[in-house]
Amino acid sequence: MEYSADDITAARSLQIATSVFASMATFWIYDYACSLHEEWSFLLRSHWSKVKCLYIVTRYLPFILLTEKLYINFTPNVNPGKCRVFDVVDSGLGIVSAVCSECFFVLRTYALWNNNRILLVAMLVIIPSIVGASMGIAFTTNAPAVFATSAIPGIVGCYQSSTSFRLFIPFLLLSAFELGLLMLTLIRAIQNWKTDPSRLFVVLVKHNIFYYTCGFLANIFTSMLLQYSYHTMLYDFQFIILAILATRMHRNLWRMSMNRHSQNSGTLAGIPMLDMSPLDSTA
């Protein structure tokens, strides 16, 4: 039996997506196993706070995302209606994961600007606006969308058979937001580089620049591939990698804060995340 070029392309995208999701799950488990001692040291020794709760959500939400994606991509003869439900859930969880990851670096940018109230008000307006617009677009686009399975036997999983340019908008909004935060970080780094050369300040700036650059480039790349299952694959890949980066950088900052708990310096004294000092410290 002969298959059309569209059937072959769709089947190839499903195979690639299945392999990528399996690789992501392996990488997430490997990362967790390698950082298990540091992970539990942080969870057991740091104070309970809003930031610690944010860390737990950011760290373990990818586990739910990956479990859902592996179920869909490895279940034969999956119902397209079930695919639609899982895709809507996946969109919601992905947006929540992205927001949690971004919040770490919004707090850091806010701290670098000495808890500037104007910046705080701007963030409180911009973030809910982006989240609301992204969720609205994702749900109104994916809920009525038609999902299909491969016409080629032996190919598991499902994909959205029709695409919409509207899916590009959330990535565009997030890219603009991250580019703005990157500019704020660079401006503050230039202003304070000579007056506050502490290692913690340098680490904060480097972390922010690296994270925002990765997020910006990932958004641009993801928005270019919206067909078949590539969109969902890159969507989840981006948010899982950003979650890993955010939590790893947070633990690194906590470790440095623990080592220098008695030496808080000017700019860093106001960091909202320095309530994560170790329970057994005597500062």
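No experiment lies behind these values; they were computed from the predicted model shown.
- Ring geometry for F42 versus H250: interplanar angle over 60°, hence perpendicular rather than tilted (30 to 60°).
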Start with the C-alpha distance between W40 and R45, add both sets of side-chain angles, then the distance that settles side-chain contact (heavy atoms from CB on, under 4.5 Å), and finish with yes or no.
CA-CA 8 Å; W40 284 99; R45 299 182 63 189; over 6 Å; no
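- Across all non-hydrogen atoms, the minimal contact from E68 to F86 is OE2-O, 2.6 Å.
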Please step through side-chain contact (heavy atoms from CB on, under 4.5 Å) for the pair E178 and F105, ending with a clear verdict.
CA-CA 10 Å; E178 289 180 336; F105 294 90; over 6 Å; no
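- In this structure, CD1 in I56 is found 12.5 Å from CG in L61, a value given to the nearest 0.5 Å.
- Annotation: side-chain hydrogen bond (donor to acceptor under 3.5 Å, both in side chains) contacts of Y71 (sequence neighbours excluded): K82.
- Under the salt bridge (Lys or Arg N to Asp or Glu O under 4.0 Å) criterion, no residue pair touches residues 123-132, with sequence neighbours excluded.
- Scored by the side-chain contact (heavy atoms from CB on, under 4.5 Å) test, I127 finds V106, M123, V131, F177 as partners (sequence neighbours excluded).
- Hydrophobic clustering, with ILVMFWY side chains joined whenever heavy atoms are under 4.5 angstrom apart, groups I29 together with L36.
- Summarising the geometry, atom CG belonging to L112 is positioned 11.0 Å from atom CG belonging to L186; distances are rounded to the nearest 0.5 Å.
- With sequence neighbours excluded, no residue satisfies side-chain hydrogen bond (donor to acceptor under 3.5 Å, both in side chains) with N116.
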N/O donor to acceptor pairs below 3.5 angstrom from side-chain atoms of residues 93-103, sequence neighbours left out:
| from | atom 1 | to | atom 2 | distance (Å) |
| --- | --- | --- | --- | --- |
| S101 | OG | S97 | O | 3.1 |
| E102 | OE2 | Y211 | OH | 3.2 |

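- Atoms CG and OG, from L124 and S129 in turn, are 10.5 Å apart once rounded to the nearest 0.5 Å.
- Counting only residues at least two apart or in different chains, salt bridge (Lys or Arg N to Asp or Glu O under 4.0 Å) contacts with residues 118-132 are absent.
- Every residue was checked against the side-chain hydrogen bond (donor to acceptor under 3.5 Å, both in side chains) condition with S134, not counting sequence neighbours, and none meets it.
- With rounding to the nearest 0.5 Å, the separation of CD1 in I240 from NZ in K69 is 9.5 Å.
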Please evaluate residues Y55 and L43 with respect to the criterion side-chain contact (heavy atoms from CB on, under 4.5 Å), reporting the C-alpha separation (whole Å), side-chain torsions for both, the decisive distance (0.1 Å), and the verdict.
CA-CA 9 Å; Y55 173 90; L43 292 176; 4.2 Å; yes
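- Proximity of R255 to N252: side-chain heavy atoms (C-beta onward) are separated by under 4.5 Å at one or more points.
- S91 is listed as a side-chain neighbour of D87, based on a closest heavy-atom distance under 4.5 Å.
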L253 vs R108, side-chain contact (heavy atoms from CB on, under 4.5 Å): CA-CA, chis, key distance, verdict:
CA-CA 11 Å; L253 185 65; R108 293 185 180 197; 3.8 Å; yes
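- Residues V57 and L66 fall into different hydrophobic clusters, defined by Ile, Leu, Val, Met, Phe, Trp and Tyr side chains chained together at heavy-atom separations under 4.5 Å.
- To the nearest 0.5 angstrom, I126 atom CD1 is 11.0 Å from L173 atom CG.
- Residue pairs meeting the salt bridge (Lys or Arg N to Asp or Glu O under 4.0 Å) criterion with at least one member in residues 21-37, sequence neighbours excluded: D31-R59, D31-R248.
- By the 30° and 60° cut-offs, the orientation of the rings of F63 relative to W28 is tilted.
- A disulfide (SG to SG under 2.5 Å) check over residues 50-87, counting only residues at least two apart or in different chains, returns the pairs C83-C158.
- Taking CD1 of I187 as the start and OG1 of T109 as the end, the distance is 11.5 Å to the nearest 0.5 Å.
- Hydrophobic cluster membership is shared by F239 and L179, with clusters built from Ile, Leu, Val, Met, Phe, Trp and Tyr side chains linked at under 4.5 angstrom.
- A side chain to side chain contact (heavy atoms under 4.5 Å, CB included) with W113 holds for exactly one of I118, L184, L120; it is L184.
- When each of I72, L65, I64 is checked for a side chain to side chain contact (heavy atoms under 4.5 Å, CB included) with D90, only L65 meets the rule.
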Enumerate donor-acceptor pairs with a distance under 3.5 Å from any side-chain N or O in residues 16-27 to protein atoms, sequence neighbours excluded.
| from | atom 1 | to | atom 2 | distance (Å) |
| --- | --- | --- | --- | --- |
| T18 | OG1 | L14 | O | 2.9 |
| S19 | OG | Q15 | O | 3.1 |
| S23 | OG | S19 | O | 2.9 |
| T26 | OG1 | A22 | O | 2.9 |

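- Here the closest non-hydrogen pair linking V51 and F104 is CG1-CE2, 4.1 Å.
- The two atoms that bring S35 and R251 nearest to each other are CB-NH2, 3.4 Å, heavy atoms only.
- Taking hydrophobic clusters as Ile, Leu, Val, Met, Phe, Trp and Tyr residues chained together by side-chain heavy-atom distances below 4.5 Å, L70 shares a cluster with Y32.
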